[in-house]
Structures are given as structure tokens and as C-alpha cells.
Amino acid sequence: MSKTWMITGAGRGIGAEIARAALANGDKVVATARKLGQLQDTFAGADPERLALVELDVADEAQAAPAIAAAVERFGRIDVLVNNAAYGLLGRLEEVSSADIAQQFAVNVHGVMHMLRAVLPTMRRQRGGHIMNVSSIAGITGFDGASVYCASKYAIEGLTASLALEVAPFGIKVTAVEPGFFRTEFLDPSSVRYGATAIDDYAAHGSIEQAYGAYKGKQLGDPVKLAAAVVELAAMAAPPRQFLAGSDALAMAGAALDARRTEMAAFAALTVSTDHAA
């Protein structure tokens, strides 16, 4: 049975590939992005009977409900919402401005919340649906020079885990998709942003822009294969609550979990000492 997808940040990168994979699967897609022209270029030649293009800035809460309404009016329902729209803000915490931090959370966190709050009434009425929040391996382990971006993705992890419990009674499934490093525009100047201030103490330890720029074009992850995996997840009766994407994500998550277990064991006596006496 075909599904209707709504995908944010679908103008390029992972979002665009997920939309293409869903269309190739015979599904209907509502693709959204901040610029309608970008969507028109990305999906030129796609079947207009199964594709709707919607201009949407997820950071603007007022745009979320009308976008959901347009999707339902066009296709009657929303079976899968992919919250993909996000960008990377890289730089050490002291070197990032308050305005840039606020904007990072406005898009990466509040934007997801806006879409969730707008779509949930529809999915509750349907008594079903699947929400996929695109998180990151950066939501599981920290990265030097990416504290604000990691914080935004850790927020998505907590949001996803808790939301899954809240909406399970309505037949709604929720998955956090946790990509490693994928070969997309994430590190392109048109997408990534860096801290505006340089502090000499940190500069002595190397440039964040050079460190992350070295990954550009060498990322292990293939967005086309990730899109195929997301379509497979959407077809599952019991999908995972968390899905690691990429061998690098699997290795880093495993190392982080092992380190946490070791640390927990080392401090277990002090941990339990904080309980009330029996």
C-alpha cells in the first residue's frame, strides 16, 4: 500500500534523496524547503500527480500548520513525516555568538517541534503514522568544535525518545535516524556556518574550519543508500526507536557506549551512595 510522505529540507542532500526514493517506491511525497525554486529544480521531471512542492521555513512556527494542511488537502493524509531540515553550526562554544546559537536551535530543534505539533493532530485522527527525526551521531557522542550543533542533536534524541512513549497509544511510531558523516552539502559554504570569533588560546590547537573541511568529499556515507534504508524503515511494522546510519556511526556509537559502561562501573559505589539509607 502506497504511503504519503512529508519531508522537510528536501531541496537537496539527504532530504532530496529520501523524496526520490519514496517516489521510486510508488509513494506520494510532499517535499518542502525554504526556497520553492530549489525544489522545482531538484524535482524537475518528477510525476506531478504524486509530488507536491511546498515552500516552508521550519523555524517559523506560523508556517507549520498551513504546510501540514496543504499536504492533507492534496493527498488526504500523512503517513510519514521526515524532519530533516537542519544545518551545522561549527566552532568552539566561546567562539559562537548568542544569535548564532539561537538560530541553530530555532532550525534544528524548534523547527522539529513546530512540525511535530502541527502533524500530530492529523496522525492521531488517523490512528497511525511514522515520524522520523533526522538526528546525528553528534546526538550520541560529542565532537570537538561542534558543541552547539551536538547540543541541538542531543535535544532531538531526548525529544524523540520521549515523544515515542507519548504517541504510541495512537499507533504512531517514532524513530531517530542517526547518520554518521555522509557525502552531502553539509560541509559546503552554502550550508555549514562557523563561529564568528577567533580566540587565540583555541587557535593554537588548530582551526575548526580546516579540521572539518578535511572531511569534505571523503565522507563514507552514501545519501542514496541512506534514503533506501529510510524507505525500508517506513515499511516496517516495528521499526527501531534509534537507527544508526553508516559504519562510522556504528563504530562511534559503540565506542561511546563502551566508555559510558566503563565509567558507570568505575563510579558505581559513589553513585549508589547518594540514595537514602535503607
Side-chain angles (χ1 to χ4, degrees), residues 1-60 62-88 107-108 111-112 114-115 118-119 122 129-134 136 177 179 181-193 216-235 245-246:
M1 182 176 176
S2 69
K3 299 180 183 296
T4 296
W5 295 63
M6 187 164 190
I7 304 166
T8 68
R12 60 181 181 176
I14 289 171
E17 295 301 343
I18 294 172
R20 291 188 183 106
L23 289 168
N25 194 53
D27 295 339
K28 302 179 183 70
V29 172
V30 180
T32 80
R34 288 187 300 116
K35 297 178 181 178
L36 185 60
Q38 183 186 49
L39 289 168
Q40 291 168 336
D41 291 343
T42 298
F43 297 103
D47 181 359
E49 295 299 313
R50 293 191 295 113
L51 175 67
L53 305 179
V54 176
E55 190 170 79
L56 170 64
D57 180 354
V58 297
D60 183 353
Q63 295 186 28
I68 294 294
V72 173
E73 181 177 0
R74 175 69 186 277
F75 294 126
R77 59 187 291 118
I78 299 172
D79 298 297
V80 186
L81 170 66
V82 181
N83 281 312
N84 169 73
Y87 71 95
V107 175
N108 290 16
V112 173
H114 298 332
M115 295 305 297
V119 82
T122 294
H130 192 171
I131 294 164
M132 298 198 210
N133 294 330
V134 179
S136 170
V177 178
F181 286 77
F182 273 74
R183 210 166 295 179
T184 68
E185 298 87 348
F186 181 86
L187 291 172
D188 287 359
S190 62
S191 179
V192 70
R193 301 176 197 175
K216 188 174 181 297
K218 300 176 183 176
Q219 301 97 320
L220 289 175
D222 183 340
V224 174
K225 293 180 179 178
L226 173 54
V230 168
V231 170
E232 189 171 341
L233 290 173

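Along the sequence shown, residues carry numbers from 1.
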>> Using the rule side-chain contact (heavy atoms from CB on, under 4.5 Å), only one of Ile7, Asn83, Val230, Asn84 pairs with Met132; which is it?
In response: Val230

>> Working note: Leu56 + Thr8, criterion side-chain contact (heavy atoms from CB on, under 4.5 Å); need CA distance, chi angles, decisive distance, verdict.
In response: CA-CA 8 Å; Leu56 170 64; Thr8 68; 4.3 Å; yes

>> Taking the side chain as everything from C-beta on, heavy atoms only, tell me whether Ile78 gets closer than 4.5 Å to Ile68.
In response: yes

>> Looking at Glu55, is its backbone amide N or carbonyl O close enough to the side chain of Arg34 to form a donor-acceptor pair, meaning the two atoms are under 3.5 Å apart?
In response: no

>> If you apply the rule side-chain contact (heavy atoms from CB on, under 4.5 Å), what do you find for Met115 with Val58, and how did you get there?
In response: CA-CA 7 Å; Met115 295 305 297; Val58 297; 4.2 Å; yes

>> Let me confirm one number: the OG1-CG distance from Thr122 to Leu81, rounded to the nearest 0.5 Å.
In response: 10.5 Å

>> If you define the side chain from C-beta out and look only at heavy atoms, does anything of Met6 sit under 4.5 Å from Val82?
In response: no

> For Arg77 and Val72, what are the C-alpha separation, side-chain angles and deciding distance, and is it a side-chain contact (heavy atoms from CB on, under 4.5 Å)?
Replying inline: CA-CA 5 Å; Arg77 59 187 291 118; Val72 173; over 6 Å; no

>> Minimum heavy-atom separation for Phe75 and Lys28, please, with both atom names.
In response: CD2-CD, 3.3 Å

>> Restricting to side-chain hydrogen bond (donor to acceptor under 3.5 Å, both in side chains), what partner residues turn up for Thr4, sequence neighbours left out?
In response: none

>> To check you understand the geometry: which heavy-atom pair defines the closest contact between Ser2 and Asp79, and what is its length?
In response: O-OD2, 4.4 Å

>> To check you understand the geometry: which heavy-atom pair defines the closest contact between Ala228 and Ala21, and what is its length?
In response: N-CB, 4.4 Å

> Is any side-chain heavy atom of Trp5 closer than 4.5 Å to a side-chain heavy atom of Leu23?
Replying inline: no

>> So, using side-chain contact (heavy atoms from CB on, under 4.5 Å) as the criterion, who are the partners of Ser136 when residues are at least two apart?
In response: Ala138, Tyr149, Lys153

> Quick check: does any side chain N or O of Asn108 sit under 3.5 Å from a backbone N or O of Ala86, one acting as donor and the other as acceptor?
Replying inline: no

> Ignoring hydrogens and geometry, is there a side-chain-to-backbone donor-acceptor pair from Asp57 to Ala59 under 3.5 Å?
Replying inline: yes

> Closest heavy-atom contact between Val80 and Lys3?
Replying inline: CG2-CD, 4.0 Å

Please set out all donor-acceptor pairs under 3.5 angstrom arising from side-chain atoms of residues 38-46, sequence neighbours excluded.
from: Thr42; atom 1: OG1; to: Gly11; atom 2: O; distance (Å): 2.5
from: Thr42; atom 1: OG1; to: Gln38; atom 2: O; distance (Å): 2.9

> If only atom types and distance count, is the side chain of Arg183 paired as donor or acceptor with the main-chain N or O of Leu220 below 3.5 Å?
Replying inline: no

> Can you list the steps and then say if Leu53 with Leu36 is a side-chain contact (heavy atoms from CB on, under 4.5 Å)?
Replying inline: CA-CA 7 Å; Leu53 305 179; Leu36 185 60; 3.9 Å; yes

> If only atom types and distance count, is the side chain of Glu17 paired as donor or acceptor with the main-chain N or O of Ala227 below 3.5 Å?
Replying inline: no

>> Please find the pair of heavy atoms, one from Gly26 and one from Arg50, that lie closest to each other, and give the distance.
In response: C-NH1, 3.5 Å

>> Is the shortest side-chain heavy-atom distance between Arg193 and Tyr87 below 4.5 Å?
In response: yes

>> Tell me the closest heavy-atom pair linking Phe182 and Pro223, and the distance in Å.
In response: CD2-N, 3.7 Å

